Amino acid sequence: MIVAIDGPAASGKGTLARRLADALNLAYLDTGSLYRAVGLTAIRAGGDPSVENDAVKAAQNLDLSAFSLTDLRSEEAGIAASQVAFLPAVRAVLLEFQRRFASHPPDGKDGAVMDGRDIGTVVCPDAPAKIFVTADLDVRVGRRVKELRDKGETVIEARIRADMEARDARDKDRSVSPLIPAKDAWILDTSSLDADAAFAQAKAFVIAKMPAK
Ligand code: DC
C-alpha cells in the first residue's frame with residue numbers, strides 16, 4: 001500500500017502523514033528532509049546549494065545520519081532545500097532512493113506513506129491513495145510562526161511570510177516536478193481543520209483505498 005501525500009510548506013501534511021503511517025502499519029518517508037539534507041551538505045562543504053555541481057555532489061554523498069532533526073527543520077535548511085529541489089539533476093539522484101523506499105518499505109511494514117511535493121505526480125504515480133494537503137497562506141504562516149516560537153526562536157512574521165511566498169513560488173513554478181495536485185488526488189484543505197479532524201478524514205479516505213485482505 002502506498003499513500004502519496006503532497007502539498008505546500010506548513011499545510012499540515014507532515015503531521016498527518018506520520019499519524020497515518022503509525023495508524024496503518026506503514027513506513028514513513030519525509031522526502032523534504034532528503035532535499036533539506038542535500039542543501040545543508042552543500043553549505044557545509046563550502047558550496048552553494050543553488051549551483052548544480054555543488055548540489056549534485058551533495059546528493060551523491062548524502063549521509064542522512066550527519067544531521068539532527070533540529071538542523072533539518074531550520075529555516076536555513078528549508079531555503080537551501082528549495083534551491084537544490086529546483087535542479088533536475090538533484091531530483092534524479094533522489095528519485096531512485098524514494099522509489100526504493102516505497103517498493104521495499106523497512107521493518108516489514110505493509111507499505112509506505114510518502115510525504116513531499118511530487119509523490120503523486122512523479123515518484124509514485126501509481127499510488128492507490130493520493131492526498132494533496134493544502135491551506136491558505138495566512139494559516140500556514142501562522143502555523144510556522146507558532147512552531148518556531150514554541151521552539152524558542154525569535155521570529156519576524158513578515159519574514160516568514162516572504163520566505164514562504166518565495167518558497168511556494170519556487171516549488172510551483174519550476175519546470176521539473178512542480179508542486180501541483182495529481183489528477184487523481186483528493187484535495188484536503190486544512191485551513192479550518194485541526195490536526196485531529198484532518199487525520200480522521202484522511203484515514204477514512206486511505207482505508208477505503210486499501211486492497212481487501
Ligand atoms: O516539505 P519541506 O518543507 O521539508 O520541503 C523542503 C523543500 O524541498 C521544499 O521547498 C520543496 C522541496 N521538496 C521537493 O521539491 N520535492 C519533494 N518531494 C519534497 C520536498
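Because only heavy atoms are used, hydrogens play no part in the values below, and waters and symmetry mates are left out as well, while side chains stay in. Given the structure is predicted, the values throughout are model-derived calculations rather than measurements. Numbering of ligands and ligand atoms starts at 1, following listing order.
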For this session: Count the heavy atoms belonging to other residues, nucleotides or ligands that lie under 6.0 Å from CZ of Arg99, then report whether that count exceeds 12.
Result: yes
For this session: Using a cut-off of 6.0 Å, state whether more than 12 heavy atoms not belonging to Lys146 lie near its atom NZ.
Result: no
For this session: Can you tell me which residues line ligand 1 if we count any heavy atom under 4.0 angstrom from one of its atoms, in chain and number order?
Result: Lys13, Thr31, Gly32, Tyr35, Arg36, Arg73, Ala81, Ser82, Ala85, Arg91, Gly116, Arg117, Asp118, Arg167, Asp171, Arg174
Using atom types as modelled, flag every donor-acceptor pair under 3.5 Å from a side chain in residues 81-96 to any protein atom, sequence neighbours excluded.
unit_1 : atom_1 : unit_2 : atom_2 : d
Ser82  : OG     : Ile79  : O      : 3.1
Ser82  : OG     : Arg170 : NE     : 2.9
Ser82  : OG     : Arg170 : NH2    : 2.9
Arg91  : NH1    : Ala85  : O      : 2.9
Arg91  : NH2    : Tyr35  : OH     : 3.3
Arg91  : NH2    : Asp118 : OD1    : 3.4
Arg91  : NH2    : Asp118 : OD2    : 3.0

Indicate every side-chain donor-acceptor pair of residues 204-212 with a distance under 3.5 Å to a residue at least two apart or in another chain.
none

Problem set entry | Listed once per pair and sorted, the side-chain hydrogen bond (donor to acceptor under 3.5 Å, both in side chains) pairs that draw on residues 44-57, sequence neighbours left out | Arg44-Asp71, Asp48-Ser50
For this session: Look at the side chain of Asp107 and the backbone N and O of Lys109, then say whether any donor-acceptor pair between them is shorter than 3.5 Å.
Result: no
